[in-house]
Amino acid sequence: MMADKVRTRFAPSPTGTVHLGSLRTALFAWLWARHAEGDFVLRIEDTDTKRFDPDSVAGIMEGLRWLGLDWDEGPDIGGPFGPYTQSERGALYRDHAQRLLSSDKSYRCFCSPERLQRLRQEQRAAKRQPQYDGACRHLSHDESAARAAVGEPFTIRLRLPAQAQITFHDVIRGDITVAASTLQDPILVKSDGMAVYHLAAVVDDHRMHISHVLRGEEWIATAPYHVLLYEAFGWDTPAWVHLPVILNPDGKGKMSKRHQGERHLPVNVQDFMTAGVLPDAMFNFLSLLGWTPDASKELFTRQELIDRFELAMISPAAAKMPYAKLEWMNGEYVRRLSSQAFRSVSTPFLARAFGKSETAVDQMAGLDYVLPEIQTRVKTLREVAPWLSWAFKSAADMEYTPIDMLIGRQLDARQSAETLEVCQAMLEEAVPFEPKVLQALFRVAAQEQDMKLGSLLGPVRGAISGAKVSPPLFEMMAALGRRECQARIHRAHTALVAEDVARS
RNA sequence: GCCCCCAUCGUCUAGAGGACUAGGACUCAAGCCUUUCAAGCUUGCUACAGGGGUUCGAAUCCCCUUGGGGGCACCA
């Protein structure tokens, strides 16, 4: 046995993408390994061939890398205790099952799935706990061996020892005691010869020297089987750490997509990636979901989180996923980005939103005027594009409907048109065509017209952006350039005049 | 139905018997700032699920009730 080195693992089954709850489990396991300068292992649990999705392994790795969780051993990089994919470890499990069989700690069960299902139904109907009735428990060695030799299909079940109750220690919750009467001899090996999770996970965790098993609390109910298996093999158990589940925002059940309806709240790692959540923000946010390193603050660097992480400080209570807080935190991280960094992380989102190549977006020099302004206005990167739709159009594409967007506060259509005329005339004077110069000019104009700056700017904002709400005007204008601004104002003016005629 | 886990503001949480007139953050509301919308700053609202114990003293320990969650597969 190795020294008491901390070794944790993340052991997803490749049946889809990484779910929020799994991601948090992976993060905590990683934090604990890094905190203790131990190892973090990635293991793929694909013993269920029916549900296996070959593409999902890549997705899992992509998600972990995105969050910044690197693994020291895993299917792609190997390691001293490989292979790290359970489907490649079948012989090992069969060998261990055999050991249990020879020592009579397990037995062959010839019951068909149909019989078992019927049994469960009857028990449920009788309001009793669905449980294996132990039909094959006392088969003689000879009969068992003979039936197997003839080729009759069988599973292997663990023979639970006779004891009143089983107690194990959970790092977060303390001792948990379960009455043995609620347990049944669990299947270890399926009739196709493949190990079931319980066997595979226990054998692997032991062989891979996992010191702390972090997993969701949905595993508490089956933990006694694992403890009993360790006992049957004569091995020391790892420390058990059952993390609380993450609930839907409405508190109804575990986080899942089906509960979100039309709202499409992000649930899988990829959802958060496409929503434009920053990995650093997600890392910070997820760390604080169930754990508080310091009650007086919310924003922590990765290193601070690693340094302070403590398993025993994790809350045992399930939490409803606080999306609003994630958004807020992501906004904090967005605002802390340098202008350059913000531009580069936004580029892919802009390219996708406007159907352009990233290079094309990169070449739009004018964006540098407005992007820093947008940086304070978004919480996620996906929100950047809607602030910039005006930048990806030409004057000819501008549509001013409803027309109100061109009408200034306390002005009518005619007055708004006149305002545009004044501004139009002014644009030639703006040299260079920069936000500061434009601002100075417009302030003077507002004074001369005896108008509030806001009123004067209203129609121009509409003309330039095609909306009543937009990024700061002068930055937009500088981004577009003099010619384009003139063209838009002209077009808007025409629309206003037409409106004025229609109204009178 | 049975077993297990959990329970502080609307939400995420601090709190490990006295430092609690229960702290922070998000959300929400108001004000300031202001070029629309944000951001920023200031202020405000709101909680120990209920009932019994233990104790000089309980949000903190115990029990019951209630509520919520998880589990009860040849899935993980």
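Throughout, a chain's letter reflects where its sequence line sits, starting with A, and its residues are numbered from 1. Heavy atoms only: backbone and side chains are in, while hydrogens, waters and symmetry mates are out. Quick caveat, the model's predicted, so the values are computed rather than measured.
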Rounded [atom1] spacing from [N] to [M] in Å:
N	M	atom1	value
B/C48	B/U8	P	11 Å
B/G44	B/G51	P	31 Å
B/U34	B/C41	C1'	13 Å
B/U36	B/A19	C1'	49 Å
B/C5	B/A22	P	32 Å
B/G17	B/C61	P	8 Å
B/C63	B/G69	C1'	22 Å
B/U21	B/U60	P	15 Å

Within this structure, what is the [atom1]-to-[atom2] distance between [X] and [N], rounded to whole angstrom?
X	N	atom1	atom2	result
A/Lys320	B/U13	NZ	P	9 Å
A/Met329	B/U11	CE	C1'	14 Å
A/Tyr225	B/C4	OH	P	13 Å
A/Ile314	B/C5	CD1	P	18 Å
A/Gln121	B/G1	CD	C1'	16 Å
A/Lys325	B/U11	NZ	P	13 Å
A/Ile246	B/C6	CD1	C1'	15 Å
A/Phe168	B/C4	CZ	P	11 Å

side-chain contact (heavy atoms from CB on, under 4.5 Å) involving [X] - partner list, sequence neighbours excluded:
X	value
A/Gln121	A/Gln117
A/Val384	A/Phe342, A/Ser346, A/Leu350, A/Leu371, A/Ile374, A/Val378, A/Leu388
A/Arg215	A/Tyr197, A/Val213, A/Trp219, A/Ala223, A/His226, A/Trp240, A/His242
A/Thr182	A/Gln129, A/Val178, A/Ala179

Can you sort out the partners of A/Phe474 under ring pair (Phe, Tyr, Trp, His ring centres under 6.0 Å), two or more places apart, ordered by chain and number? A/Phe442
Near-strand residues of residues 291-299 of chain A, defined as heavy-atom separation under 4.0 angstrom from RNA chain B: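 Correct list: A/Thr292, A/Ala295, A/Ser296, A/Glu298.
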If you assign each of A/Met321 and A/Asp175 to its closest nucleotide in RNA chain B, which residue comes earlier from the 5' end? A/Asp175
Return whichever of A/Ala319 or A/Val178 has its heavy-atom-nearest nucleotide of RNA chain B closer to the 5' end. A/Val178
In short, side chain to side chain donor-acceptor pair (under 3.5 Å) pairs touching residues 449-462 of chain A with sequence neighbours left out are A/Arg461-A/Ser470
Taking the six-membered ring of A/Tyr107, is NZ or CZ of A/Arg157 closer than 6.0 Å to its centre and within 45° of its axis? no
How long is the straight-line distance from CG of A/Leu229 back to CG of A/Leu188, given to the nearest 0.5 Å?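 Reported value, rounded in 0.5 Å steps: 5.0 Å.
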Pairing residues for A/Glu475 by the salt bridge (Lys or Arg N to Asp or Glu O under 4.0 Å) criterion, not counting sequence neighbours: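 Applying salt bridge (Lys or Arg N to Asp or Glu O under 4.0 Å) to A/Glu475 gives none.
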A/Asn284 side chain to A/Phe300 main-chain N or O, any donor-acceptor pair under 3.5 Å?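 Here the side-chain-to-backbone pair exists.
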Base versus backbone protein contacts along nucleotides 27-41 of chain B [heavy-atom cut-off under 4.0 Å; B, S, -]: --------BBBBSS-
What does nucleotides 69-76 of chain B look like as a protein-contact string, B for base, S for sugar-phosphate only, - for none, at under 4.0 angstrom between heavy atoms? SSSBSBBB
At under 4.0 Å between heavy atoms, what does A/Thr177 touch on the DNA or RNA strands: base, sugar-phosphate, or nothing?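 The answer is sugar-phosphate, as A/Thr177 gets under 4.0 Å only of primed atoms, P, OP1 or OP2.
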What contact category does A/Gly290 fall into here, base, sugar-phosphate, or nothing, at under 4.0 angstrom with non-hydrogen atoms? sugar-phosphate
For atom CD of A/Gln447, is the number of surrounding heavy atoms from other residues, nucleotides or ligands below 6.0 Å larger than 12?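 Not more than 12 within 6.0 Å, no.
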Nucleotide forming a Watson-Crick or wobble pair with [N], both distances under 3.5 Å:
N	value
B/C41	B/G31
B/U11	B/A25
B/G67	B/C6
B/G18	B/C56

Donor-acceptor contacts under 3.5 Å from residues 285-293 of chain A side chains, at least two apart:
unit_1	atom_1	unit_2	atom_2	d
A/Ser287	OG	A/Phe283	O	2.7

Applying salt bridge (charged side-chain N to carboxylate O under 4.0 Å, His left out), which residue pairs with at least one partner in residues 176-192 of chain A are found, sequence neighbours left out? A/Arg137-A/Asp185
